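Worksheet: one structure, shown below.
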Amino acid sequence: MASRIKVKNPIVEIDGDEMTRIMWAWVKEYLIIPYLDVNLEYYDLSIQKREETKDEITLQSAKAIAKHGVGVKCATITPDKERVKEFGLSQMWKSPNGTIRAYLDGTIFREPIICKNIHPFIRTWKKPIIIGRHAYGDEYKATEFTVPGPGTVDLVYKPDDGSKPVTLEVHKFKGPGVVLGMHNLDSSIRSFAQSCLAYALQQKVDLWFSAKQTILKQYDTMFMNIFQEEVDKHKAEMKEAGITYWYTLIDNTVAQIIKHEGGILWACKNRDGDVQSDMIASGFGSLGLMKSVLVSPDGKIETEAAHGTVTRHYRLYQQGKKTSSNPSAIIFAWTGGIKRRGQLDRTQDVVDFANVLEDATIQTIESGSVTSDLARLIYNTPTPPEDSYINTEEFIQAVASRLRDTL
Ligand code: NAP
Ligand code: MG
């Protein structure tokens with residue numbers, strides 16, 4: 001074997017559950033370890049380990065990312081009632097992604113992998129459209145009230161310093177109705193804006209932010225102003241990276257996105273991001289080609305696949321059957337982390353390796369060696385012919401062989 005490329009600083013490796021845990025191990029064994037001499041600080045976030053450590057392991061992994069700056073993560077089970085029963089859990093442990101995101105005060109960006117033979121449903125989309133979703137407040141931390149009949153609803157602010165309260169009338173109800181109180185925080189909006197800028201600068205893509213300040217004259221104007229303040233602080237870096245910032249109304253953005261070729265980061269408020277990220281993901285085609293990255297305001301990152309643990313395929317695997325699950329987004333979770341490590345360490349050979357592995361994966365798909373999810377898209381049927389796709393291990397071997405040839 002040729003000598004392996006030395007990676008200067010550690011990468012935090014976070015293992016997970018089910019089919020993705022299986023694919024994770026294969027990707028590491030065939031595509032990473034033979035080529036990189038890397039110190040992987042390993043955290044096992046399998047549901048069993050989280051139970052055993054009372055979920056302490058999740059927090060430890062988040063702290064490790066904060067320390068080293070780069071983490072790569074496998075998908076993990078977020079327990080519900082059925083999972084508690086299945087694994088005999090002592091508690092319905094919280095979503096690991098939620099815990100890590102809260103610790104790093106980060107924003108999640110979702111981005112599709114583009115291949116020539118996988119056509120987005122929207123003809124104009126040629127480059128990725130990345131969605132950054134604010135993950136705090138608004139409708140997701142709201143107080144609601146069902147108004148039973150005639151009466152007045154007020155909004156009251158009582159300052160902690162004992163000064164005079166402020167009361168605003170929301171509505172004088174003449175009959176039954178419903179009311180909602182929601183909030184956000186300067187600090188959270190600012191972290192969100194900073195994470196979006198950090199990611200746009202890393203990826204060298206234009207940044208769009210959309211809201212509806214014509215209707216929410218104080219609420220959305222607050223978002224708009226904080227974004228502008230952060231952009232103003234980074235003017236020089238943005239110029240150097242050749243990227244621009246554009247604020248526009250959400251309805252206008254939606255209209256523009258459909259006609260746009262992509263290659264932008266679209267920052268969305270919480271609910272807009274929830275809705276639009278599903279639209280963008282479906283518009284591009286497959287979950288198996290969707291990347292996800294968590295970015296903290298100071299540029300620390302955790303990369304992963306956007307999909308879950310692919311339980312349905314894992315049930316087949318448990319029966320000893322071969323599955324045709326797509327490991328592409330998992331490969332890109334590794335390359336995304338490796339690339340960032342190389343950037344931070346200023347080791348171009350490490351960055352180059354990540355790019356070569358990404359190219360090998362895309363070329364494998366473009367040569368027609370695909371897993372069943374992509375065969376469905378290429379043949380435009382839920383049941384593509386059996387000889388139109390290969391199984392997961394064959395796919396990884398095909399990528400490995402291309403990678404060997406290039407290196
Ligand atoms: P999922 O794992 O994303 O899978 C849903 C379906 O999407 C699969 O059954 C499969 O469709 C298709 N799919 C997803 N990834 C694929 C891939 N790589 N290759 C081929 N097909 C793929 O979602 P889920 O089944 O709803 O959730 C399973 C578990 O994952 C849950 O316990 C959930 O808590 C967890 N989860 C974790 C994360 C995370 O850690 N980031 C995110 C979401 C969900 P077909 O069945 O049609 O083949
Ligand atoms: Mg959603």
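Keep in mind it's a predicted model, so treat the numbers as computed, not measured. Indexing begins at 1, ligand by ligand and atom by atom, following the structure's order.
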Would Y219 and Q213 count as having a side-chain donor-acceptor pair, cut-off 3.5 Å?
-> no

Write out all pairs satisfying ring pair (Phe, Tyr, Trp, His ring centres under 6.0 Å) with one or both partners inside residues 253-279, taking only residues at least two apart or from two chains.
-> W208-H260

Got a sec, which pairs hit side chain to side chain donor-acceptor pair (under 3.5 Å) with one end in residues 190-201, sequence neighbours left out?
-> D105-S191, E111-Y199, R190-E229, R190-E230, Q194-E230

Can I get a per-line list of side-chain donor-acceptor pairs under 3.5 Å for residues 347-358, giving both atom names and the distance, sequence neighbours left out?
{"from": "Q348", "atom 1": "NE2", "to": "D352", "atom 2": "OD1", "distance (Å)": "2.9"}
{"from": "N355", "atom 1": "OD1", "to": "K339", "atom 2": "NZ", "distance (Å)": "3.2"}
{"from": "N355", "atom 1": "ND2", "to": "V351", "atom 2": "O", "distance (Å)": "3.4"}
{"from": "E358", "atom 1": "OE1", "to": "K339", "atom 2": "NZ", "distance (Å)": "3.0"}
{"from": "E358", "atom 1": "OE2", "to": "T335", "atom 2": "OG1", "distance (Å)": "2.7"}
{"from": "E358", "atom 1": "OE2", "to": "K339", "atom 2": "NZ", "distance (Å)": "3.3"}

Examine R404 relative to Y30 and say whether NZ or CZ is less than 6.0 Å from the centre of the six-membered ring and inside a 45° cone about the ring axis.
-> no

Side chains of K73 and T76, donor plus acceptor under 3.5 Å = yes

For ligand 1, which of its N or O atoms have a protein N or O partner closer than 3.5 Å, and how long is each gap?
{"from": "ligand 1", "atom 1": "2 (O)", "to": "G308", "atom 2": "N", "distance (Å)": "3.3"}
{"from": "ligand 1", "atom 1": "2 (O)", "to": "T309", "atom 2": "N", "distance (Å)": "3.2"}
{"from": "ligand 1", "atom 1": "2 (O)", "to": "V310", "atom 2": "N", "distance (Å)": "2.7"}
{"from": "ligand 1", "atom 1": "3 (O)", "to": "G308", "atom 2": "N", "distance (Å)": "2.8"}
{"from": "ligand 1", "atom 1": "18 (N)", "to": "H307", "atom 2": "NE2", "distance (Å)": "3.2"}
{"from": "ligand 1", "atom 1": "18 (N)", "to": "N326", "atom 2": "O", "distance (Å)": "2.8"}
{"from": "ligand 1", "atom 1": "19 (N)", "to": "N326", "atom 2": "N", "distance (Å)": "2.9"}
{"from": "ligand 1", "atom 1": "30 (O)", "to": "T309", "atom 2": "N", "distance (Å)": "3.0"}
{"from": "ligand 1", "atom 1": "30 (O)", "to": "T309", "atom 2": "OG1", "distance (Å)": "3.3"}
{"from": "ligand 1", "atom 1": "32 (O)", "to": "R83", "atom 2": "NH2", "distance (Å)": "3.1"}
{"from": "ligand 1", "atom 1": "34 (O)", "to": "T78", "atom 2": "N", "distance (Å)": "2.9"}
{"from": "ligand 1", "atom 1": "40 (O)", "to": "T76", "atom 2": "N", "distance (Å)": "2.9"}
{"from": "ligand 1", "atom 1": "40 (O)", "to": "T76", "atom 2": "O", "distance (Å)": "3.3"}
{"from": "ligand 1", "atom 1": "40 (O)", "to": "T76", "atom 2": "OG1", "distance (Å)": "3.4"}
{"from": "ligand 1", "atom 1": "41 (N)", "to": "N97", "atom 2": "ND2", "distance (Å)": "3.2"}
{"from": "ligand 1", "atom 1": "41 (N)", "to": "E304", "atom 2": "OE1", "distance (Å)": "3.4"}
{"from": "ligand 1", "atom 1": "46 (O)", "to": "R312", "atom 2": "NE", "distance (Å)": "2.5"}
{"from": "ligand 1", "atom 1": "46 (O)", "to": "R312", "atom 2": "NH2", "distance (Å)": "3.3"}
{"from": "ligand 1", "atom 1": "47 (O)", "to": "R376", "atom 2": "NH1", "distance (Å)": "3.3"}
{"from": "ligand 1", "atom 1": "47 (O)", "to": "R376", "atom 2": "NH2", "distance (Å)": "3.3"}
{"from": "ligand 1", "atom 1": "48 (O)", "to": "R312", "atom 2": "NH2", "distance (Å)": "2.9"}
{"from": "ligand 1", "atom 1": "48 (O)", "to": "H313", "atom 2": "NE2", "distance (Å)": "2.8"}
{"from": "ligand 1", "atom 1": "48 (O)", "to": "R376", "atom 2": "NH2", "distance (Å)": "3.1"}

